Amino acid sequence: MNWIVQNLWLVPALPILAAGISALAKRKSRVLAASLAIGSMAISFLLSLWAFAHVLWLRNHGEASLQIFDFRWFQFGNQWLSLGWVLNPLTAVMLVMVTFVGLLIFIYSVGYMAHDENFTRFFCFLALFAGAMLGVVIANSLLLLFMCWEIVGLTSYLLIGFWYSNPKAAAAGKKAFIVTRIGDIPFFLGMVWLYGQSGTLLFYNGGAGCLEPSAINYLVAQTTTIGICAATGIALLIFCGAVGKSGQFPLHVWLPDAMEGPTPVSALIHAATMVAAGVFLVARVYPLMSAHAGIASVLTTSTALQAVTWVGSITALFGALIAVAQYDIKRILAYSTVSQLGYMMMGLGVGGVSVGMFHLITHAFFKSLLFLGAGSVIHGCSGEQDIRRMGGLGRLMPVTFATYAVGMLALCGFPLLFSGFWSKDEILHAAHTWNISQAPFYMGAFAALLTAFYMSRQVFYVFGGKSRLAEETADLSHSLASPDTTNHHGSSAPHESPAVMTIPLMILSVFALLLGFLGTPAWPWFQSFLEDTQAPLDFSAFSTGGMLPVMLSSSVIVLLGLTIGWWFYGRKPIESVDAPDNVGRLSPSIFSALGNALYFDAIYGATFVKLNTQLSKISDWLDRWVWNGAVQTVTQIVFGFAYLDNFLDTHVVNSGFDGGCQGVSRSGQILSLLQAGRIQRYLKIVAGALIVFTILLLWKAKI
């Protein structure tokens, strides 16, 4: 077995070790913490490249690209619980993406967090976050994956609420932790069910793994009481965990609030780690997701994949609609991430692992580019996040503007030149040919139109026109200002960010441009790599399967969205901070509803949160007055019996028993006087008795 396969655990272990050392370091050990985090991530990146090269070598030599290494963890009864890691094309691609994007974000963070007093703690959490995500990627056991999955949830809580002195940040961290736990509960139940049915949680184990044909066929053959097969039930429960982690509707509410954390955290969460974990989970357990009862054919789609498709398409449209009416630069990108994650889920449902994962990889680069670009804007504007207070930054921050434009066009899917076009179009093409319904295709197409529109709106607000940063109005507060305003020093005039922040932007922009060419219809190298097939260059693929009409219609949609954005926001520059939104004027009520995320937080607050609060109060009342009252009553009864027992023991049993004992003792003492063994005393008694006897005789004689 190759060395990299045996030692793949080093990839996540190095950042975790760096986090552990940083946790023990002093608060002022800023250079040590940053060096450990960046150095460990760089080594993990090199190891990931080694693993990727090994998979390529295996494919080129016709050998199996699936390599596993398992070990026994502990024994219970007669069974051993085994853990391990797996190296296959899916693992290799994700390792390279997470380590490379994470490394650039780590480097960027040195400049962004330079003035933060908790710099060391930040890099400790950041390294642990990346290490946990890498553990999710390499795991060959659903149990090991779940353990790393929960560490990802923990570190997201720590990083989103990093500025815990800010109530919004603290609340956002708790919200993310709780909402994702809601999805993790059914995930855990599905894991237990899977173990109960298959007897193992190893994905691959020489034919005996839970994702291998023997186990899948057995799960398909088992029917539940509600009429679905066990494979479908388990897949749906596991998918709930992906819904929570990847911010899918209806568990999307935590993701926009995650913007309260530092911007590098937002980039890491939205691009390479936490939200990608849910999509990756579906891809990892895809054999289970695609399993279904009945006659297998190309015209059948499993119930689980249908659920994945519908949830993804609804989320894609929902997130795009909400992003249209946001003013926080990071919140716009957050709802964009919600929408793009919906695209990925839809791609997994209608097209398979390669379709969904291709968009995940391209999205990781251009979304991290956008978030880091937004961080550069916030840094250059001394902490401002409200796009209404920006403007004119295209001239003042040219590098940030140029790289941000690349990321924006990649996200929009600008025709031919940008990576997002190829990955998004593959999803739309797969949705167009989906045999269940055409609705996901139209929902995805409309979401693409909205994406081009709201991103052009954002760019014109931020980079176009004149600067509005210094404007002061009475009716517009800085409620959207970043909590790290005090961490950015310097003048209030917008300025370009330092090289430690702009160089990662330039590197990411190159990948946002070129990465898509690895998955074009003419040369689908990425798809063939994941599917372990060959991908010859064939330009005739553009004209087969309805690909060309979908590409043309998608291009028209994107250009139309950009044109509408220019018409409303670029044609006439925005002059004032308090000027009403040009689209908002058309229908203020709808725009307000979208700006408030269709009131989902309020609805959840008035229903589930309020219900939970009331149930908590009822539980508290029951605990205090019913259960505690019952316990106290039993306690008093027991104490009463104890007091009664003590009284009877002391005053009845003890007094009678002790009195009898004392009488016997006194009698014994008296009798002991008669048997003292002293002759003189005996003679005295005899003499006394004789005298008494004489007196009695004399008295009788007189009578």
Side-chain angles (χ1 to χ4, degrees), residues 90 94 97-98 101 129 132-133 136-137 145-146 148-153 155-157 160 175-187 190 235-259 265-286 289 304-305 307-320 322-323 333-350 353 355-364 367-368 371 423 427 440 444 447 600:
L90 178 62
M94 283 294 293
M97 183 275 288
V98 173
V101 174
F129 195 17
M133 180 62 193
V136 169
V137 171
L145 186 150
F146 187 77
C148 296
W149 180 278
E150 292 304 305
I151 298 175
V152 169
T155 48
S156 68
Y157 161 75
I160 293 170
K175 186 176 183 179
F177 189 81
I178 293 171
V179 173
T180 53
R181 294 293 80 69
I182 293 172
D184 289 350
I185 292 173
F187 179 12
L236 290 174
L237 288 173
I238 293 176
F239 177 57
C240 290
V243 169
K245 267 295 191 290
S246 289
Q248 298 294 285
F249 180 89
L251 298 182
H252 64 280
V253 291
W254 71 268
L255 195 51
D257 288 357
M259 299 302 97
V265 173
S266 303
L268 201 58
I269 288 176
H270 287 253
T273 54
M274 185 171 178
V275 297
V279 178
F280 173 79
L281 174 63
V282 176
R284 175 64 83 197
V285 300
Y286 198 81
M289 290 283 175
L305 286 184
V308 171
T309 301
W310 287 112
V311 169
S313 57
I314 292 171
T315 304
L317 181 57
F318 176 84
I322 303 302
L333 298 178
Y335 279 108
S336 168
T337 301
V338 172
S339 178
Q340 297 304 307
L341 289 167
Y343 268 113
M344 296 173 207
M345 290 295 186
M346 184 169 65
L348 289 170
V350 299
V353 173
V355 175
M357 289 301 299
F358 185 38
H359 194 57
L360 183 148
I361 298 299
T362 60
H363 175 267
K367 184 52 64 70
S368 58
F371 267 107
S423 58
I427 294 173
F600 265 85

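Note that this is a predicted model, so its numbers are computed, not measured.
Closest of all the heavy-atom pairs between A242 and M345 is CB-CE, 4.0 Å.
More than 12 heavy atoms of other residues, nucleotides or ligands shown are found within 6.0 angstrom of CZ on F146.
With sequence neighbours left out, the side-chain contact (heavy atoms from CB on, under 4.5 Å) criterion links C240 to P186. For A364, the side-chain contact (heavy atoms from CB on, under 4.5 Å) partners are M97, not counting sequence neighbours. Residues satisfying the ring pair (Phe, Tyr, Trp, His ring centres under 6.0 Å) test with F280, not counting sequence neighbours, are none. Applying the side chain to side chain donor-acceptor pair (under 3.5 Å) rule to S336 yields the partners K367, Y454; only residues at least two apart in sequence or on another chain are considered. Taking the ring pair (Phe, Tyr, Trp, His ring centres under 6.0 Å) definition, one finds that Y286 meets it with nothing, sequence neighbours left out.
Residue pairs meeting the salt bridge (charged side-chain N to carboxylate O under 4.0 Å, His left out) criterion with at least one partner in residues 340-350, sequence neighbours excluded, do not occur; the list is empty. Residue pairs meeting the salt bridge (charged side-chain N to carboxylate O under 4.0 Å, His left out) criterion with at least one member in residues 238-258, sequence neighbours excluded: K175-D257, D184-K245, D257-R331.
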Show every donor-acceptor pair shorter than 3.5 Å between a side-chain atom in residues 266-279 and any protein atom, with sequence neighbours excluded, or say none if there are none.
from, atom 1, to, atom 2, distance (Å)
H270, ND1, T337, OG1, 2.9
T273, OG1, L268, O, 2.6

Compile the donor-acceptor pairs under 3.5 Å between side chains in residues 355-362 and protein atoms, sequence neighbours left out, one pair per line.
from, atom 1, to, atom 2, distance (Å)
H359, ND1, S423, OG, 2.8
H359, NE2, Q340, OE1, 2.8
T362, OG1, F358, O, 3.3
T362, OG1, H359, O, 3.2
T362, OG1, S423, OG, 2.9

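The aromatic ring centroids of H363 and Y343 lie 6.0 Å or more from each other.
The backbone N or O of V243 sits nowhere less than 3.5 Å from a side-chain atom of S246 that would complete a donor-acceptor pair.
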